[in-house]
Amino acid sequence: MEEKKIIFSGIKPSGNLTLGSYLGALKNWVDLSDEYNCYYCIVDMHAITVRQDAAQLRRRTLEQLAQYIACGLDPAKNTIFIQSHVPAHAELSWVLSCYTMFGELSRMTQFKDKSAKNADNINAGLFTYPVLMAADILLYQADLVPVGEDQKQHVEITRDIAHRFNSVYGEVFTMPEPFIPKVGARIMSLSDPDSKMSKSEQGGMGCICLMDSPEDIMRRFKRAVTDSDSCVRYDPENKKGVSNLMAIYSAASGKNFAEIEAEFDGKGYGDFKTAVGESVVELLRPIREKAEDLLKNKDYLVQIYRDGAETAAKAAARTLRKVYKKVGFVER
Ligand code: TYM
């Protein structure tokens, strides 16, 4: 039997999971999980590049694990684990940082955005963040990395680092490809369709979290920013708000843009926003309920992340051993 190809992906527990992270990443993780050998990580080490409250970070990490499972990731088939539990991530990250150029890290748009937003804390971790991400991916020899559009540049730099290393030492790393969905790759804020829906915006009117109540979800969709021409038409250049709602509705309901345009032909935005809100409520209801249930059974969650770390550590150790040997470290 041919061996399954490998997937690695991760989400930072720096806030509650949003509809953006679900449609851009998690949903595809679930869809791809039968076909691939998958490593799905909670990347807590990436989260501390921005100051976190320790108790909250711990709580969110466990909640995120529950939400991964509630979204449909079967822990029996996927390796689900916490990044800081597998020290090889930090170890490979150091080696790779010696094969990553200052100039290429300076060009990362996420670094530029984040340093503008956290001007009082532009730490070295924020700058070398993509190197740790490259280590995550390359440790598992991943073929595919399902992410939203905003992470594409980070997968590209991972490829550049892998290529640089491989050209010195031979084929050590598999060259990973990004997997970016056609619909949902960039979900925008409901209150500001010019900016990405993001964890840092949560609690505000623009952001939907997986654990939000149906009432909160409906209220935010009803107040979503649209435009003044009252026509449901996909035009991401000129009708950003409406097009974003259409993308959400399409991803939540499976309908394509032509079907959505036909459905709301001659109807106002009120009906449209209500329909989008209801589709999201129904999409998230079973996830929220399952996650709430799972969080009552902490022992089960602990078992999952311990098992996950054990499996991940074995795979990671194989790559790290090879890398250490190639660069000339004496074997332990
Ligand atoms: P993070 O935690 O910011 O986001 C997690 C995933 O969700 C996607 N995403 C979105 N997709 C569409 N619309 C949005 N509004 C939206 N917001 C978030 C992101 O593209 C991402 O796929 N650096 C990564 C985490 C990471 C990682 C990795 C990912 C660390 N190591 C290795 C893949 C492989 C990040 O900050 O994602």
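When a ligand or atom number is given, it counts from 1 through the structure's own listing order.
Atoms of ligand 1 found under 4.0 Å from any heavy atom of Asp150 (numbered from 1 in listed order, with element): 19 (C), 20 (O). Near Lys199, with a cut-off below 4.0 Å to any heavy atom, the atoms of ligand 1 are 1 (P), 2 (O), 3 (O). Those atoms of ligand 1 with a heavy atom of Asp136 less than 4.0 angstrom away are 28 (C), 30 (C), 31 (N), 32 (C). Here is the list of ligand 1 atoms found below 4.0 Å of a heavy atom in Lys12: 1 (P), 2 (O), 3 (O), 35 (C), 36 (O). Residue-ligand proximity, Val145 to ligand 1, at heavy-atom distances under 4.0 Å covers atoms 33 (C), 34 (C). Near Val147, meaning under 4.0 Å from one of its heavy atoms, ligand 1 places the atoms 22 (O), 29 (C), 33 (C). Residue contact check: Gln151 has heavy atoms under 4.0 Å from atoms 19 (C), 20 (O), 21 (C), 23 (N), 24 (C), 35 (C), 36 (O), 37 (O) of ligand 1.
Aromatic ring pairs are classed by plane angle as parallel below 30°, tilted from 30° to 60° and perpendicular above 60°; the pair Phe165 and Phe173 is tilted. Below 30°, between 30° and 60°, or above 60°: for Phe102 and Phe127 the angle between ring planes is between 30° and 60°, a tilted geometry. Note: Phe264 and Phe272 have perpendicular aromatic rings, judged against thresholds of 30 and 60 degrees for the angle between ring planes.
With a 4.5 Å cut-off on side-chain heavy atoms, Ile248 and Leu19 count as touching.
At distances below 3.5 Å, at least one donor-acceptor pair connects side-chain atoms of Gln83 with backbone N or O atoms of Met45. Put simply, the side chain of Asn123 gets close to the backbone of Thr49: a donor and an acceptor are under 3.5 Å apart.
Taking only non-hydrogen atoms, the option from Gly10, Ala251, Ala185, Ser9 nearest to atom 26 (C) of ligand 1 is Gly10.
Residues Thr100 and Ser97 have side chains that never bring a donor and an acceptor to within less than 3.5 angstrom of each other.
Between Glu310 and Arg306 no salt bridge is recorded (no basic side-chain N to carboxylate O distance below 4.0 Å). Taking the charged nitrogens against the carboxylate oxygens, Lys255 and Glu263 do have a contact shorter than 4.0 Å, which makes a salt bridge.
Of the protein's heavy atoms, Met133 CG, 3.4 Å lies nearest to atom 28 (C) of ligand 1. Regarding atom 17 (N) of ligand 1, its nearest protein heavy-atom neighbour is Met197 O, 3.7 Å. In terms of protein heavy-atom proximity, atom 13 (N) of ligand 1 is closest to Ile187 N, 2.8 Å. Summary of contacts: the protein heavy atom closest to atom 23 (N) of ligand 1 is Tyr129 OH, 2.7 Å. Nearest to atom 11 (N) of ligand 1 among the protein's heavy atoms is Gly20 O, 3.2 Å.
The closest approach between a heavy atom of Tyr22 and any atom of ligand 1 is not below 4.0 Å. Contact annotation: Gln83 has no heavy atom less than 4.0 Å from any atom of ligand 1. At least one heavy atom of Ile137 sits less than 4.0 Å from an atom of ligand 1. At least one heavy atom of Gly184 lies less than 4.0 angstrom from ligand 1.
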Report task. Please report the C-alpha distance between Glu177 and Val145 in whole Å, then the side-chain angles of each, then the deciding distance to 0.1 Å, and finally whether the side-chain contact (heavy atoms from CB on, under 4.5 Å) criterion is met. Result -> CA-CA 6 Å; Glu177 296 280 343; Val145 184; over 6 Å; no
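Ring centroid separation for the pair Tyr140 and Phe8 comes in under the 6.0 Å cut-off. Taking the six-membered ring for Trp, Phe81 and His89 have ring centres closer than 6.0 Å.
Here the rule is salt bridge (charged side-chain N to carboxylate O under 4.0 Å, His left out) with Asp212, and of Arg285, Arg220, Arg288, Arg219 only Arg220 fits it.
The distance criterion of under 3.5 Å between nitrogen or oxygen atoms is not met by Phe8 with respect to ligand 1. By the 3.5 Å distance cut-off applied to N or O atoms, Gln110 is not counted among the residues near ligand 1. Checking only distances, Glu149 never comes within under 3.5 Å of ligand 1, N or O to N or O. Residue-to-ligand polar distances keep Met188 apart from ligand 1: every N/O pair is separated by 3.5 Å or more. Inclusion of Ile11 in the set of residues having an N or O under 3.5 Å from an N or O of ligand 1 is not warranted.
The environment of Arg51 atom CZ is sparse: at most 12 non-hydrogen atoms of other residues, nucleotides or ligands sit within 6.0 angstrom.
The part of Ala25 lying near ligand 1 is the side chain, judged by heavy-atom distances below 4.0 Å.
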